[in-house]
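Only one structure is covered here, and it is reproduced in the block below.
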There are 2 protein chains.
Amino acid sequence: MSELRLHRFIPYRLSVAANAVSRRISDSYRRRFGLKIAEWRVIAILAENERMTPQDIGNKGELDKITVSRSATALMDRGLLLQQRNPEDGRSHFLQLTPDGRALYEEIAPAALRLEQELLTCFSEEERDLLESLLRRIESAANSP
Amino acid sequence: MSELRLHRFIPYRLSVAANAVSRRISDSYRRRFGLKIAEWRVIAILAENERMTPQDIGNKGELDKITVSRSATALMDRGLLLQQRNPEDGRSHFLQLTPDGRALYEEIAPAALRLEQELLTCFSEEERDLLESLLRRIESAANSP
DNA sequence: TATTGTTATACTCTATAACTATA
DNA sequence: TATAGTTATAGAGTATAACAATA
(Lines give C-alpha, C1' and ligand atoms only; values in the text may rest on other atoms or scores of the structure.)
Protein backbone atom coordinates (compact mmCIF):
# COMPACT_ATOMS: atom_id res chain seq x y z
CA MET A 1 0.00 0.00 0.00
CA SER A 2 1.34 3.41 -0.93
CA GLU A 3 1.59 6.08 1.77
CA LEU A 4 -1.02 8.82 2.09
CA ARG A 5 0.36 12.33 1.57
CA LEU A 6 -2.25 15.08 1.81
CA HIS A 7 -0.46 17.29 -0.68
CA ARG A 8 -0.48 14.61 -3.33
CA PHE A 9 -4.01 13.45 -2.55
CA ILE A 10 -6.12 14.11 -5.63
CA PRO A 11 -9.38 14.94 -3.81
CA TYR A 12 -7.45 17.54 -1.81
CA ARG A 13 -5.77 19.08 -4.86
CA LEU A 14 -9.10 19.13 -6.70
CA SER A 15 -10.91 20.81 -3.83
CA VAL A 16 -8.22 23.43 -3.31
CA ALA A 17 -8.00 24.25 -7.01
CA ALA A 18 -11.77 24.43 -7.45
CA ASN A 19 -12.13 26.67 -4.39
CA ALA A 20 -9.47 29.05 -5.64
CA VAL A 21 -11.10 29.27 -9.08
CA SER A 22 -14.60 29.53 -7.68
CA ARG A 23 -13.60 32.32 -5.31
CA ARG A 24 -12.02 34.35 -8.06
CA ILE A 25 -14.91 33.83 -10.46
CA SER A 26 -17.71 34.48 -8.02
CA ASP A 27 -16.00 37.66 -6.84
CA SER A 28 -15.79 38.83 -10.40
CA TYR A 29 -19.38 37.93 -11.34
CA ARG A 30 -20.82 39.46 -8.21
CA ARG A 31 -18.81 42.66 -8.40
CA ARG A 32 -19.26 43.27 -12.10
CA PHE A 33 -22.66 41.80 -12.86
CA GLY A 34 -24.39 41.19 -9.55
CA LEU A 35 -24.74 37.50 -10.32
CA LYS A 36 -24.19 34.36 -8.32
CA ILE A 37 -22.57 31.41 -10.05
CA ALA A 38 -25.84 29.46 -10.29
CA GLU A 39 -27.56 32.49 -11.84
CA TRP A 40 -24.75 32.81 -14.35
CA ARG A 41 -25.15 29.14 -15.26
CA VAL A 42 -28.87 29.56 -15.89
CA ILE A 43 -28.13 32.51 -18.17
CA ALA A 44 -25.41 30.63 -20.03
CA ILE A 45 -27.66 27.62 -20.57
CA LEU A 46 -30.54 29.74 -21.86
CA ALA A 47 -28.17 31.61 -24.13
CA GLU A 48 -27.33 28.29 -25.74
CA ASN A 49 -30.87 26.90 -25.81
CA GLU A 50 -33.47 29.65 -26.18
CA ARG A 51 -36.40 28.05 -24.29
CA MET A 52 -36.12 25.43 -21.58
CA THR A 53 -38.05 24.12 -18.59
CA PRO A 54 -36.48 24.49 -15.13
CA GLN A 55 -35.98 20.74 -15.04
CA ASP A 56 -34.03 20.69 -18.28
CA ILE A 57 -31.92 23.61 -17.08
CA GLY A 58 -31.10 21.72 -13.91
CA ASN A 59 -30.08 18.61 -15.81
CA LYS A 60 -27.97 20.59 -18.23
CA GLY A 61 -26.17 22.63 -15.58
CA GLU A 62 -25.86 20.25 -12.63
CA LEU A 63 -28.19 22.39 -10.54
CA ASP A 64 -30.95 21.04 -8.33
CA LYS A 65 -34.50 22.24 -8.83
CA ILE A 66 -34.41 24.46 -5.77
CA THR A 67 -31.38 26.32 -7.02
CA VAL A 68 -32.88 26.71 -10.48
CA SER A 69 -36.13 27.99 -9.02
CA ARG A 70 -34.43 30.60 -6.82
CA SER A 71 -32.04 31.68 -9.55
CA ALA A 72 -34.90 32.08 -12.01
CA THR A 73 -36.90 34.17 -9.53
CA ALA A 74 -33.93 36.46 -8.94
CA LEU A 75 -33.30 36.84 -12.66
CA MET A 76 -36.96 37.50 -13.44
CA ASP A 77 -37.04 40.17 -10.73
CA ARG A 78 -34.22 41.88 -12.60
CA GLY A 79 -36.02 41.58 -15.91
CA LEU A 80 -33.38 39.26 -17.37
CA LEU A 81 -35.66 36.26 -17.75
CA LEU A 82 -39.28 35.61 -18.58
CA GLN A 83 -41.67 32.72 -18.11
CA GLN A 84 -43.98 31.31 -20.76
CA ARG A 85 -46.62 28.74 -20.18
CA ASN A 86 -45.99 25.23 -21.37
CA PRO A 87 -49.08 24.18 -23.32
CA GLU A 88 -48.11 20.53 -23.01
CA ASP A 89 -47.83 20.49 -19.22
CA GLY A 90 -49.43 23.02 -16.93
CA ARG A 91 -47.20 22.12 -13.99
CA SER A 92 -44.16 23.33 -15.83
CA HIS A 93 -43.23 26.37 -17.89
CA PHE A 94 -40.57 27.61 -20.23
CA LEU A 95 -37.86 30.06 -19.32
CA GLN A 96 -36.24 32.38 -21.82
CA LEU A 97 -33.83 35.30 -21.76
CA THR A 98 -35.28 38.77 -22.30
CA PRO A 99 -33.39 41.16 -24.59
CA ASP A 100 -31.82 42.61 -21.42
CA GLY A 101 -30.82 39.12 -20.35
CA ARG A 102 -29.33 38.40 -23.74
CA ALA A 103 -27.46 41.72 -23.63
CA LEU A 104 -26.03 40.90 -20.23
CA TYR A 105 -24.92 37.52 -21.51
CA GLU A 106 -23.16 39.15 -24.47
CA GLU A 107 -21.30 41.25 -21.95
CA ILE A 108 -20.37 38.44 -19.59
CA ALA A 109 -19.35 35.81 -22.13
CA PRO A 110 -16.17 37.58 -23.30
CA ALA A 111 -15.25 38.38 -19.69
CA ALA A 112 -15.71 34.71 -18.79
CA LEU A 113 -13.52 33.60 -21.66
CA ARG A 114 -10.83 36.10 -20.66
CA LEU A 115 -10.97 34.80 -17.12
CA GLU A 116 -10.61 31.24 -18.36
CA GLN A 117 -7.65 32.33 -20.47
CA GLU A 118 -6.00 33.82 -17.40
CA LEU A 119 -6.43 30.54 -15.55
CA LEU A 120 -5.00 28.63 -18.47
CA THR A 121 -1.97 30.85 -18.93
CA CYS A 122 0.82 28.72 -20.33
CA PHE A 123 -1.52 25.80 -21.03
CA SER A 124 -1.21 24.38 -24.51
CA GLU A 125 -4.37 23.47 -26.39
CA GLU A 126 -3.59 19.81 -25.73
CA GLU A 127 -3.16 20.34 -22.01
CA ARG A 128 -6.44 22.21 -21.81
CA ASP A 129 -8.32 19.42 -23.57
CA LEU A 130 -6.56 16.82 -21.48
CA LEU A 131 -7.56 18.56 -18.26
CA GLU A 132 -11.15 18.70 -19.43
CA SER A 133 -11.20 15.01 -20.19
CA LEU A 134 -9.49 14.01 -16.93
CA LEU A 135 -12.03 16.08 -15.00
CA ARG A 136 -14.90 14.40 -16.82
CA ARG A 137 -13.51 10.99 -16.00
CA ILE A 138 -13.08 11.82 -12.31
CA GLU A 139 -16.57 13.26 -12.14
CA SER A 140 -18.04 10.20 -13.75
CA ALA A 141 -16.18 7.89 -11.35
CA ALA A 142 -17.33 9.98 -8.37
CA ASN A 143 -20.93 9.66 -9.49
CA SER A 144 -20.74 5.92 -10.06
CA PRO A 145 -22.59 3.82 -7.49
CA MET B 1 -12.82 35.27 -30.08
CA SER B 2 -13.79 31.67 -29.50
CA GLU B 3 -17.38 30.89 -28.55
CA LEU B 4 -18.36 30.22 -24.94
CA ARG B 5 -19.78 26.75 -24.33
CA LEU B 6 -20.68 26.03 -20.73
CA HIS B 7 -19.91 22.33 -21.05
CA ARG B 8 -16.40 23.00 -22.23
CA PHE B 9 -15.79 25.87 -19.81
CA ILE B 10 -12.98 24.80 -17.49
CA PRO B 11 -14.24 26.60 -14.35
CA TYR B 12 -17.56 24.78 -14.82
CA ARG B 13 -15.96 21.36 -15.34
CA LEU B 14 -13.70 21.93 -12.36
CA SER B 15 -16.55 22.95 -10.09
CA VAL B 16 -18.77 20.05 -11.13
CA ALA B 17 -15.99 17.49 -10.72
CA ALA B 18 -14.90 18.88 -7.35
CA ASN B 19 -18.49 18.92 -6.07
CA ALA B 20 -19.05 15.32 -7.11
CA VAL B 21 -15.84 14.17 -5.43
CA SER B 22 -16.43 16.27 -2.34
CA ARG B 23 -19.96 14.94 -1.94
CA ARG B 24 -18.83 11.36 -2.16
CA ILE B 25 -15.91 11.87 0.22
CA SER B 26 -17.73 13.88 2.84
CA ASP B 27 -20.56 11.34 2.89
CA SER B 28 -18.04 8.60 3.47
CA TYR B 29 -16.07 10.44 6.18
CA ARG B 30 -19.16 11.53 8.04
CA ARG B 31 -20.87 8.17 7.90
CA ARG B 32 -17.87 6.07 8.77
CA PHE B 33 -15.81 8.31 11.02
CA GLY B 34 -18.04 11.23 12.06
CA LEU B 35 -15.60 13.71 10.55
CA LYS B 36 -16.04 16.82 8.45
CA ILE B 37 -13.56 17.36 5.65
CA ALA B 38 -11.75 20.15 7.52
CA GLU B 39 -11.40 17.90 10.57
CA TRP B 40 -10.02 15.15 8.43
CA ARG B 41 -7.46 17.57 6.98
CA VAL B 42 -6.32 18.61 10.43
CA ILE B 43 -5.84 14.96 11.38
CA ALA B 44 -3.97 14.18 8.17
CA ILE B 45 -1.64 17.15 8.65
CA LEU B 46 -0.88 16.24 12.25
CA ALA B 47 -0.29 12.63 11.24
CA GLU B 48 2.43 13.89 8.94
CA ASN B 49 3.90 16.48 11.31
CA GLU B 50 3.52 15.41 14.95
CA ARG B 51 3.26 18.90 16.59
CA MET B 52 2.05 22.07 14.91
CA THR B 53 0.48 25.41 15.81
CA PRO B 54 -3.02 26.16 14.49
CA GLN B 55 -1.49 28.75 12.19
CA ASP B 56 0.90 26.27 10.60
CA ILE B 57 -1.91 23.78 10.16
CA GLY B 58 -3.96 26.41 8.37
CA ASN B 59 -1.12 27.26 6.02
CA LYS B 60 -0.39 23.64 5.30
CA GLY B 61 -4.01 22.66 4.65
CA GLU B 62 -5.52 25.77 3.05
CA LEU B 63 -7.81 26.29 6.03
CA ASP B 64 -8.51 29.65 7.62
CA LYS B 65 -7.83 30.12 11.33
CA ILE B 66 -11.53 30.00 12.23
CA THR B 67 -11.95 26.62 10.59
CA VAL B 68 -8.82 25.27 12.25
CA SER B 69 -9.96 26.54 15.63
CA ARG B 70 -13.42 24.97 15.35
CA SER B 71 -12.08 21.72 13.95
CA ALA B 72 -9.51 21.46 16.74
CA THR B 73 -12.16 22.07 19.40
CA ALA B 74 -14.36 19.34 17.94
CA LEU B 75 -11.46 16.90 17.75
CA MET B 76 -10.29 17.67 21.30
CA ASP B 77 -13.83 17.11 22.57
CA ARG B 78 -13.61 13.63 21.06
CA GLY B 79 -10.21 12.99 22.63
CA LEU B 80 -8.48 12.76 19.27
CA LEU B 81 -6.29 15.83 19.75
CA LEU B 82 -4.49 17.51 22.62
CA GLN B 83 -3.03 20.95 23.20
CA GLN B 84 0.39 21.68 24.61
CA ARG B 85 1.67 25.09 25.60
CA ASN B 86 4.13 26.77 23.31
CA PRO B 87 7.01 27.93 25.53
CA GLU B 88 8.18 30.32 22.84
CA ASP B 89 4.86 32.16 22.41
CA GLY B 90 2.09 32.18 24.99
CA ARG B 91 -0.52 33.32 22.49
CA SER B 92 -0.19 30.11 20.55
CA HIS B 93 -0.01 26.42 21.38
CA PHE B 94 0.88 23.13 19.79
CA LEU B 95 -1.63 20.57 18.62
CA GLN B 96 -0.88 16.89 18.51
CA LEU B 97 -2.78 13.67 17.88
CA THR B 98 -3.57 11.52 20.90
CA PRO B 99 -3.09 7.74 20.57
CA ASP B 100 -6.82 7.56 19.78
CA GLY B 101 -6.38 10.23 17.11
CA ARG B 102 -3.44 8.37 15.64
CA ALA B 103 -5.44 5.14 15.66
CA LEU B 104 -8.33 6.81 13.85
CA TYR B 105 -5.91 8.14 11.26
CA GLU B 106 -4.47 4.67 10.70
CA GLU B 107 -7.99 3.53 10.02
CA ILE B 108 -8.95 6.37 7.69
CA ALA B 109 -5.78 6.55 5.61
CA PRO B 110 -6.25 3.23 3.80
CA ALA B 111 -9.92 4.03 3.22
CA ALA B 112 -8.94 7.39 1.75
CA LEU B 113 -6.41 5.78 -0.56
CA ARG B 114 -8.97 3.23 -1.69
CA LEU B 115 -11.43 6.01 -2.41
CA GLU B 116 -8.80 7.86 -4.42
CA GLN B 117 -8.10 4.66 -6.32
CA GLU B 118 -11.77 4.35 -7.20
CA LEU B 119 -11.80 7.88 -8.54
CA LEU B 120 -8.70 7.19 -10.58
CA THR B 121 -9.96 3.96 -12.07
CA CYS B 122 -8.35 3.55 -15.49
CA PHE B 123 -5.92 6.42 -14.87
CA SER B 124 -2.33 5.58 -15.68
CA GLU B 125 0.37 6.74 -13.29
CA GLU B 126 1.30 9.43 -15.82
CA GLU B 127 -2.27 10.69 -16.11
CA ARG B 128 -2.59 10.90 -12.36
CA ASP B 129 0.60 12.93 -12.03
CA LEU B 130 -0.39 15.10 -14.96
CA LEU B 131 -3.76 15.86 -13.40
CA GLU B 132 -2.06 16.81 -10.15
CA SER B 133 0.28 19.18 -11.91
CA LEU B 134 -2.43 20.77 -14.06
CA LEU B 135 -4.52 21.36 -10.94
CA ARG B 136 -1.57 22.98 -9.19
CA ARG B 137 -1.03 25.29 -12.13
CA ILE B 138 -4.68 26.33 -12.29
CA GLU B 139 -4.74 26.93 -8.55
CA SER B 140 -1.64 29.06 -8.73
CA ALA B 141 -3.06 31.12 -11.61
CA ALA B 142 -6.34 31.59 -9.73
CA ASN B 143 -4.47 32.91 -6.70
CA SER B 144 -2.31 35.30 -8.72
CA PRO B 145 -3.15 38.98 -8.31
C1' DT C 1 0.65 48.46 18.57
C1' DA C 2 0.61 44.03 16.29
C1' DT C 3 -0.34 39.13 16.39
C1' DT C 4 -2.52 34.42 17.83
C1' DG C 5 -6.42 32.30 18.50
C1' DT C 6 -11.51 32.47 19.87
C1' DT C 7 -16.17 33.96 19.45
C1' DA C 8 -20.09 36.27 17.19
C1' DT C 9 -22.37 37.05 13.12
C1' DA C 10 -23.86 36.61 8.54
C1' DC C 11 -24.11 35.02 3.84
C1' DT C 12 -23.77 31.34 0.51
C1' DC C 13 -24.46 26.60 -0.76
C1' DT C 14 -26.56 22.31 -0.32
C1' DA C 15 -29.96 18.95 1.12
C1' DT C 16 -34.57 17.35 3.12
C1' DA C 17 -39.11 17.70 3.52
C1' DA C 18 -43.66 19.80 3.16
C1' DC C 19 -46.59 22.08 0.12
C1' DT C 20 -49.34 23.56 -4.54
C1' DA C 21 -50.95 22.64 -8.78
C1' DT C 22 -51.32 19.90 -12.26
C1' DA C 23 -51.08 15.14 -14.59
C1' DT D 1 -50.85 8.54 -7.17
C1' DA D 2 -47.02 10.67 -9.27
C1' DT D 3 -44.61 14.72 -10.98
C1' DA D 4 -42.99 19.97 -11.63
C1' DG D 5 -42.00 23.57 -9.24
C1' DT D 6 -42.05 26.47 -4.84
C1' DT D 7 -41.25 27.42 -0.08
C1' DA D 8 -39.41 26.50 4.61
C1' DT D 9 -35.82 25.00 7.22
C1' DA D 10 -31.43 23.43 8.68
C1' DG D 11 -26.52 22.08 8.20
C1' DA D 12 -22.01 22.92 6.25
C1' DG D 13 -18.69 26.15 4.34
C1' DT D 14 -16.75 30.62 4.19
C1' DA D 15 -15.89 35.51 5.28
C1' DT D 16 -15.71 39.84 8.33
C1' DA D 17 -15.24 41.87 12.49
C1' DA D 18 -14.77 42.26 17.49
C1' DC D 19 -12.45 40.37 21.36
C1' DA D 20 -8.84 38.40 24.96
C1' DA D 21 -4.29 37.25 25.83
C1' DT D 22 0.31 37.87 24.77
C1' DA D 23 4.22 39.83 22.16
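Just so it is clear, the values below take in all heavy atoms, side chains as well, and ignore hydrogens, waters and symmetry mates. Source: prediction; values computed, not measured. Per chain, numbering begins at 1; letters A, B, ... match sequence-line order.
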How many Å lie between [atom1] on [X] and [atom2] on [N], as a whole number?
| X | N | atom1 | atom2 | answer |
| --- | --- | --- | --- | --- |
| A/K36 | C/dC13 | NZ | P | 6 Å |
| A/N59 | D/dT3 | CG | C1' | 14 Å |
| B/D27 | C/dT14 | CG | C1' | 12 Å |
| A/E88 | D/dA4 | CD | C1' | 14 Å |
| B/L63 | D/dA12 | CG | P | 16 Å |
| A/M52 | D/dA4 | CE | C1' | 15 Å |
| B/K65 | C/dG5 | NZ | P | 9 Å |
| B/R24 | C/dT14 | CZ | P | 19 Å |

5'-most contact on DNA chain C: A/D64 or A/G90, nearest heavy atom basis?
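Comparing both residues, the 5'-ward one is A/D64.
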Assuming nearest nucleotide by heavy-atom distance, tell me which of B/Q55 and A/S26 is located more 5' along DNA chain C.
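This one resolves to B/Q55.
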Does B/R8 pair with A/D129 as a salt bridge, N-O distance under 4.0 Å?
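Looking at A/D129 together with B/R8, the answer is yes, because their closest N to O distance falls below 4.0 Å.
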Output yes when B/E127 and A/R137 qualify as a salt bridge under the 4.0 Å nitrogen-oxygen rule, no when they do not.
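Counted as a salt bridge, because a side-chain N and a carboxylate O are separated by less than 4.0 Å.
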How long is the straight-line distance from CD1 of B/I57 back to OG1 of B/T67, given to the nearest 0.5 Å?
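Answer for the OG1-CD1 pair, B/T67 versus B/I57, is 12.5 Å.
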Hey, does the side chain of [X] come within less than 4.0 Å of [N]'s phosphate (OP1/OP2), counting only N and O?
| X | N | result |
| --- | --- | --- |
| A/S69 | D/dG5 | no |
| A/R91 | D/dA2 | no |
| B/S92 | C/dG5 | yes |

Please tell me which of the listed nucleotides, [options], lies nearest to the side chain of [X]?
| X | options | value |
| --- | --- | --- |
| B/T53 | C/dT12, C/dG5, D/dT16 | C/dG5 |
| B/H93 | D/dA12, C/dT6, D/dT7 | C/dT6 |
| B/R70 | D/dA8, C/dA23, D/dT14 | D/dT14 |
| A/N19 | D/dT14, D/dG5, D/dT9 | D/dT14 |

Once salt bridge (Lys or Arg N to Asp or Glu O under 4.0 Å) is applied, do any residues pair with B/R91, and if so which ones, sequence neighbours excluded?
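Partners of B/R91 by the salt bridge (Lys or Arg N to Asp or Glu O under 4.0 Å) criterion, ordered by chain and then number, come out as B/D89.
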Could you check B/I66 against A/I66 and say which one's nearest nucleotide on DNA chain D is further toward the 5' end?
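Closest to the 5' end, via its nearest nucleotide, is A/I66.
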Scan A/R30, A/R23, A/R24 and name whichever one has a side chain to side chain donor-acceptor pair (under 3.5 Å) with A/D27.
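So the option named by the test is A/R30.
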Answer with yes or no whether B/R85 presents, from its side chain, a donor or acceptor under 3.5 Å of a partner atom in the base of D/dA21.
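In this structure, the two groups form no donor-acceptor pair.
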